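Presented below is the structure to which this report refers.
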Amino acid sequence: QVQLVESGGGLVQPGGSLSVSCAASVDVFSIHSMGWYRQAPGKQRELVASITSGGSTIYAEPVKGRFTISRDGSKNTVYLQMNSLKPEDTAVYYCNARRFGDVYWGQGTQVTVSS
């Protein structure tokens, strides 16, 4: 079992930057993949970015070139650096982990980008 705790959300102006983090209760290298999803009001939860235990990354088209996912094994933490934020990035951002066939979710952190 894996516990995930997100932090770093907040209110930012369009064009601003924000970094969110996800602390895992186990070694992130034991997790097959970790990712950030987001869910806006009235919308389905969607993938933002993911990173595998081998370090390969995937980004959703709307965030390519603006967001960067990374990990710090010494802290059992993954990060999402968000730059050039747009109002449409407003959502609750959730950390996701897949390990040994199981999926885990964090509680979510709110990111709001004002118009």
Side-chain angles (χ1 to χ4, degrees):
Q1 53 187 348
V2 179
Q3 294 181 4
L4 304 170
V5 180
E6 303 100 328
S7 62
L11 174 65
V12 296
Q13 296 293 319
S17 297
L18 193 67
S19 180
V20 292
S21 62
C22 174
S25 62
V26 300
D27 184 352
V28 294
F29 291 100
S30 74
I31 300 175
H32 302 305
S33 67
M34 297 189 70
W36 287 96
Y37 288 69
R38 66 187 182 187
Q39 187 168 22
K43 300 292 185 179
Q44 294 294 115
R45 191 173 298 185
E46 63 180 5
L47 174 69
V48 177
S50 67
I51 185 168
T52 70
S53 60
S56 62
T57 58
I58 294 175
Y59 295 93
E61 189 65 31
V63 308
K64 286 183 178 178
R66 298 190 296 123
F67 291 9
T68 302
I69 188 170
S70 62
R71 68 182 178 215
D72 184 341
S74 67
K75 299 180 180 179
N76 291 342
T77 301
V78 295
Y79 304 90
L80 184 69
Q81 177 65 47
M82 300 179 285
N83 299 323
S84 301
L85 284 162
K86 304 174 181 179
E88 51 263 44
D89 294 319
T90 296
V92 177
Y93 283 69
Y94 296 91
C95 183
N96 165 271
R98 296 179 183 274
R99 182 174 183 264
F100 301 123
D102 296 318
V103 61
Y104 303 89
W105 294 95
Q107 83 284 357
T109 185
Q110 177 71 47
V111 173
T112 301
V113 185
S114 64
S115 301

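Remember, predicted model here, so these are calculated numbers, not experimental data. Residue indices begin at 1 and follow the sequence shown.
- Using a distance-only test at 3.5 Å, with no hydrogens or angles considered, no donor-acceptor pair links the side chain of His32 to the main chain of Ser53.
- Take Asp27 and apply the side-chain hydrogen bond (donor to acceptor under 3.5 Å, both in side chains) test, not counting sequence neighbours, and it matches no residue.
- Separating the OG1 atom in Thr112 from the CG atom in Asp89 is a distance of 11.0 Å, to the nearest 0.5 Å.
- Paired with Ser17 under the rule side chain to side chain contact (heavy atoms under 4.5 Å, CB included), one option of Met82, Arg66, Gln81 passes, and it is Gln81.
- Atom CD1 of Ile58 has 12 or fewer heavy atoms from other residues, nucleotides or ligands within 6.0 Å.
- Here the OG atom belonging to Ser115 is positioned 13.5 Å from the NZ atom belonging to Lys86, to the nearest 0.5 angstrom.
- Within the 4.5 Å cutoff, the side chain of Arg45 has no heavy atoms near those of the Asn96 side chain.
- In the displayed structure, Glu88 atom CD is contacted under 6.0 Å by more than 12 heavy atoms of other residues, nucleotides or ligands.
- Between Arg99 and Val26, the closest side-chain pair of non-hydrogen atoms falls below 4.5 Å.
- When all heavy atoms are compared, the tightest approach of Ala40 to Ala91 is N-CB, 3.8 Å.
- Taken to the nearest 0.5 Å, the OG1 atom of Thr90 stands 7.5 Å off from the CD atom of Gln110.
- Residue pairs that meet the ring pair (Phe, Tyr, Trp, His ring centres under 6.0 Å) test with at least one member in residues 62-93, sequence neighbours left out, do not exist here.
- Atom OG of Ser50 and atom CG of Leu80 lie 11.0 Å apart (nearest 0.5 Å).
- Here the straight-line distance linking atom CG of Asn76 with atom CG of Leu4 works out to 11.0 Å at 0.5 Å rounding.
- Taking Tyr37 as the reference, Trp105 meet the ring pair (Phe, Tyr, Trp, His ring centres under 6.0 Å) condition, with sequence neighbours excluded.
- The hydrophobic clustering, which links ILVMFWY residues whose side-chain heavy atoms are closer than 4.5 Å, places Val92 and Leu18 apart.
- Here Lys64 pairs with Glu61 under the salt bridge (Lys or Arg N to Asp or Glu O under 4.0 Å) rule; sequence neighbours left out.
- With a 4.5 Å cut-off on side-chain heavy atoms, Cys22 and Met34 count as touching.
- Tyr94 contributes no side-chain N or O that, together with a main-chain N or O of Glu6, makes up a donor-acceptor pair within less than 3.5 Å.
- Applying the salt bridge (Lys or Arg N to Asp or Glu O under 4.0 Å) criterion to Arg71, with sequence neighbours excluded, gives no partner residue.
- Legend: residues meeting side-chain hydrogen bond (donor to acceptor under 3.5 Å, both in side chains) with Ser7, ordered by chain and number and at least two apart, are Ser21.
- The two atoms that bring Val20 and Val111 nearest to each other are CG1-CG2, 4.3 Å, heavy atoms only.
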